[in-house]
Trainee: 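Got a structure for you, questions after.
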Amino acid sequence: MKVTEYFDNANGKTLISFEVLPPLKGGSMQAIFDTLDPLMEFKPPFVDVTYHREEFIYVKKSSGYYEKTAIRKRPGTVGICASIMHRYGVDAVPHLICGGFTKEETENVLIDLNFLDINNVLALRGDARKFDGKFIPEKNGHHYALDLVKQIDDMNNGNYLDANIENGEKSNFCIGIAGYPEKHFEAPNMDRDLAFAQQKVEAGANYIVTQMFFDNKYYFEYVKRCRAMGIDVPIVPGLKPLTKKYQLNAIPRLFHLDLPDDLANAMVQATTAEARKQVGVEWCIQQSKELKAKGVPCLHYYTMGDVETIRKIAEAVY
Ligand code: FAD
């Protein structure tokens with residue numbers, strides 16, 4: 001079923017969903033099952049699986065020189081999605097990124113997904129590779145998520161890259177996109193960022209999942225501004241608890257967002273790792289409860305492998 005159909009059928013109830021990361025290359029599917037098994041009692045209708053672009057690493061050769069090599073550290077998104085659907089009978093939402101894909105490769109992945117009866121995708125640009133400094137698309141790949149949305153929408157209308165294909169099978173993808181309550185860091189300002197979001201919705205995107213935020217006021221303001229400019233698709237808040245001291249600096253740096261004073265101060269004042277985790281968990285529970293009380297369509301948790309913490313939060317909220 002499509003993600004948006006779950007929202008439509010929920011009768012105002014706030015659903016729950018989770019995002020998982022493919023294991024590092026060499027790992028097994030068991031890592032995904034170990035994360036999801038304990039979360040299934042909360043009945044998520046769908047689970048997201050991230051996609052990871054190749055990264056460059058430097059491998060020392062016998063000559064003593066280093067060779068720059070590209071490796072994809074977390075492959076397997078499509079297979080993991082099929083496996084999740086098979087094991088749990090829930091829908092899986094693969095993330096698709098522009099980075100590292102030509103349009104032709106994207107089309108072939110979409111065909112695989114369609115054949116696997118995977119009818120949802122989250123369409124993203126992807127970040128710049130380490131060492132690149134800025135996002136560099138593949139030759140004959142997409143520059144922006146907007147172009148990826150257009151390609152998926154084209155396939156939904158039976159239009160393939162090869163114009164010679166007539167009466168092509170129409171896929172039936174529900175298309176999600178990313179939204180940034182605190183602005184995407186490359187956008188000159190919030191108005192421009194929202195205008196690009198609007199273009200993606202006009203091109204066929206059906207719902208938005210937000211970047212994590214730690215102050216609900218950013219989410220509420222974001223939704224208000226979207227609605228004011230006519231973006232009327234469901235906007236799902238993405239949530240992640242702060243659990244470790246280093247995240248006080250790492251999360252703002254990596255995700256370009258602010259941590260509220262009260263949360264940051266409480267984390268600094270907590271004297272043990274356990275106490276800091278408790279602060280973060282409690283904060284996320286309060287955030288979740290407020291969002292749920294306001295009737296958001298779904299609470300989407302970034303598990304990042306920390307199933308025990310996400311379980312605690314889900315238990316308190318659902
Ligand atoms: P875009 O919509 O293309 O926007 C990128 C930037 O360009 C923005 O600043 C935007 O304002 C600007 N822009 C957009 N259109 C135009 C235009 N036409 N002209 C000029 N500027 C424009 N990354 C991964 O690699 N894998 C994942 O699985 C993944 N999952 C994610 C899930 C969620 C819910 C979120 C919020 C992010 C995720 N990301 C993931 C990160 C995401 O790829 C990055 O944030 C990336 O930098 C931007 O992606 P986007 O789809 O928002 O890009």
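Every heavy atom of this structure was used, including side-chain atoms; hydrogens, water molecules and symmetry mates were not. In listed order, ligands and their atoms are each counted from 1.
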Trainee: At what distance is the nearest protein heavy atom to atom 49 (O) of ligand 1, and which residue and atom is it?
Mentor: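 Result: Y180 OH, 3.4 Å.
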
Trainee: So which protein heavy atom does atom 11 (O) of ligand 1 come closest to, and at what separation?
Mentor: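 Checking every protein heavy atom, the shortest distance to atom 11 (O) of ligand 1 gives D193 OD1, 2.7 Å.
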
Trainee: Return the closest protein heavy atom for atom 30 (N) of ligand 1 as residue, atom name and distance.
Mentor: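 Protein heavy atom at minimum distance: H95 ND1, 3.0 Å.
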
Trainee: Tell me if the centroids of the rings in F101 and Y51 come within less than 6.0 Å of each other.
Mentor: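 Yes, ring centres under 6.0 Å apart.
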
Trainee: Any idea which part of D48 is under 4.0 Å from ligand 1, heavy-atom wise: side chain, backbone, both or neither?
Mentor: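 Neither part.
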
Trainee: If the plane angle is over 60° it's perpendicular, under 30° parallel, otherwise tilted; pick one for F196 and Y144.
Mentor: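 Rings of F196 and Y144: parallel, under 30°.
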
Trainee: Of all heavy-atom pairs between P44 and S17, which one has the smallest distance, and what is that distance?
Mentor: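 Answer, listing the atom of P44 first, then S17: CB-CA, 4.1 Å.
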
Trainee: Considering only heavy atoms of A187, which atoms of ligand 1 have at least one such atom less than 4.0 Å away?
Mentor: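 Per the distance check, 9 (O), 11 (O).
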
Trainee: Considering the heavy atoms of T50, write down every atom of ligand 1 situated less than 4.0 Å from one of them.
Mentor: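 Those of ligand 1 that fall under 4.0 Å from T50 are 28 (O).
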
Trainee: Assess, by modelled atom type and distance only, whether the side chains of D91 and Y6 contain a donor and an acceptor separated by less than 3.5 Å.
Mentor: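 Checked: D91/Y6 side chains pair up, N/O donor to acceptor below 3.5 Å.
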
Trainee: Residue-level breakdown please: for H52 versus ligand 1, do any non-hydrogen atoms fall below 4.0 Å on the side chain, on the backbone, on both, or on neither?
Mentor: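 Neither part.
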
Trainee: May I ask you to list the atoms of ligand 1 that are less than 4.0 angstrom from any heavy atom of I97?
Mentor: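 Near I97, the atoms of ligand 1 are 24 (C), 25 (O), 26 (N).
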
Trainee: For atom 4 (O) of ligand 1, is the nearest protein heavy atom under 4.0 Å away?
Mentor: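 Protein heavy atom within 4.0 Å of atom 4 (O) of ligand 1: absent.
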
Trainee: I want to know if ligand 1 touches R192 in the polar sense, i.e. an N/O pair below 3.5 angstrom.
Mentor: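 Looking only at distances, the answer is no, because the N/O contact criterion of under 3.5 Å is not met.
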
Trainee: Give the single entry among H184, H300, R125, K183 that approaches atom 9 (O) of ligand 1 most closely by any heavy atom.
Mentor: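 Among H184, H300, R125, K183, the closest heavy atom to atom 9 (O) of ligand 1 comes from H184.
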
Trainee: Ligand 1 and G179, any nitrogen or oxygen pair closer than 3.5 angstrom?
Mentor: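 In fact, backbone or side chain, G179 has no N or O that close.
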
Trainee: Can you pull out the closest protein heavy atom to atom 40 (C) of ligand 1? Residue, atom name and distance to 0.1 Å, please.
Mentor: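 Looking only at protein heavy atoms, the one closest to atom 40 (C) of ligand 1 is L124 CD1, 4.0 Å.
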
Trainee: Just jot down the ligand 1 atoms closer than 4.0 angstrom to any heavy atom of D127, in number order.
Mentor: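 Listed by number with element, the hits are 43 (O), 44 (C), 45 (O), 46 (C), 47 (O).
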
Trainee: Within the structure, does L146 bring an N/O atom to less than 3.5 angstrom of an N/O atom in ligand 1?
Mentor: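 L146 vs ligand 1: no N/O contact under 3.5 Å.
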
Trainee: Less than 4.0 angstrom from a charged side-chain N to a carboxylate O is my criterion; do R311 and E41 meet it?
Mentor: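 Yes, this pair counts.
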
Trainee: For I118 and C81, which heavy atoms make the closest approach, and how far apart are they?
Mentor: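 Between these two residues, the closest heavy atoms are CD1-CB, 3.7 Å.
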
Trainee: I want to confirm something. Looking only at heavy atoms, which of Y51, F196, F185 is nearest to atom 18 (N) of ligand 1?
Mentor: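 It is F196 that holds the nearest heavy atom.
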
Trainee: Answer yes or no: does an N/O atom from K200 fall short of 3.5 Å to an N/O atom of ligand 1?
Mentor: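 In this structure, K200 places an N or O atom under 3.5 Å from an N or O of ligand 1.
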
Trainee: Measuring centre to centre across the rings, with the benzene-like ring taken for any Trp, is Y318 within less than 6.0 Å of F42?
Mentor: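 Aromatic pair excluded; centres sit 6.0 Å or further apart.
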
Trainee: What is the nearest protein non-hydrogen atom to atom 23 (N) of ligand 1, stated with its residue, atom name and distance?
Mentor: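 Protein heavy atom at minimum distance: G126 CA, 4.1 Å.
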
Trainee: Tell me yes or no: between the side chains of Y302 and D48, is some donor less than 3.5 Å from an acceptor?
Mentor: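 Side chains of Y302 and D48: no pair found under 3.5 Å.
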
Trainee: For M212, is the nearest heavy atom under 4.0 Å from an atom of ligand 1?
Mentor: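 No, M212 has no heavy atom closer than 4.0 Å to ligand 1.
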
Trainee: Could you list which atoms of ligand 1 come closer than 4.0 Å to a heavy atom of L122?
Mentor: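 So the atoms of ligand 1 that pass are 32 (C).
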
Trainee: Is there a heavy atom in Y302 that sits closer than 4.0 Å to ligand 1?
Mentor: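 Per 4.0 Å heavy-atom rule, Y302 contacts ligand 1.
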
Trainee: Test M267 against every option in T243, L259, L248 by the side chain to side chain contact (heavy atoms under 4.5 Å, CB included) rule and name the one that passes.
Mentor: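 Going through T243, L259, L248 one by one, the side chain to side chain contact (heavy atoms under 4.5 Å, CB included) with M267 is satisfied by L248 alone.
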
Trainee: State whether the number of non-hydrogen atoms from other residues, nucleotides or ligands found under 6.0 Å of H256 atom NE2 is greater than 12.
Mentor: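 Atom NE2 in H256 is packed in, count exceeds 12.
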
Trainee: Quick test: of every protein heavy atom, which one is nearest to atom 35 (C) of ligand 1, and how far off is it to 0.1 Å?
Mentor: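 Going by distance alone, atom 35 (C) of ligand 1 is nearest to A178 CB, 3.7 Å.
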
Trainee: To the nearest 0.5 Å, tell me how far H300 NE2 sits from L122 CG.
Mentor: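 Result: 7.5 Å between the selected atoms.
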
Trainee: Compute the shortest N/O to N/O distance between T210 and ligand 1 and return yes if it is under 3.5 Å, no if not.
Mentor: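 Min N/O separation from ligand 1 is not below 3.5 Å for T210.
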
Trainee: On the six-membered ring of F220, is K294 placed so that its NZ or CZ lies under 6.0 angstrom from the centre and within 45° of the ring axis?
Mentor: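 Checked: cation-pi criterion met.
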
Trainee: Looking only at protein heavy atoms, identify the closest one to atom 7 (O) of ligand 1 and say how far it is in Å.
Mentor: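 Sorting protein heavy atoms by distance from atom 7 (O) of ligand 1 puts Y144 CE2, 3.5 Å first.
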
Trainee: Applying a heavy-atom cut-off of 4.0 Å, say which part of F135 lies close to ligand 1: side chain, backbone, both or neither.
Mentor: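 Answer for F135: neither.
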
Trainee: Check this for me, if you would: do K103 and E107 make a salt bridge, where the nitrogen-to-carboxylate-oxygen distance has to be below 4.0 angstrom?
Mentor: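 Judged by the 4.0 Å cut-off on N to carboxylate O distance, K103 and E107 do not form a salt bridge.
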
Trainee: Which of parallel (below 30°), tilted (30 to 60°) and perpendicular (above 60°) describes Y88 and F33?
Mentor: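 Correct class here is perpendicular.
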
Trainee: What do the steps show when you test Q286 against E282 for side chain to side chain donor-acceptor pair (under 3.5 Å), and what is the final call?
Mentor: CA-CA 6 Å; Q286 292 317 319; E282 199 44 51; 2.9 Å; yes

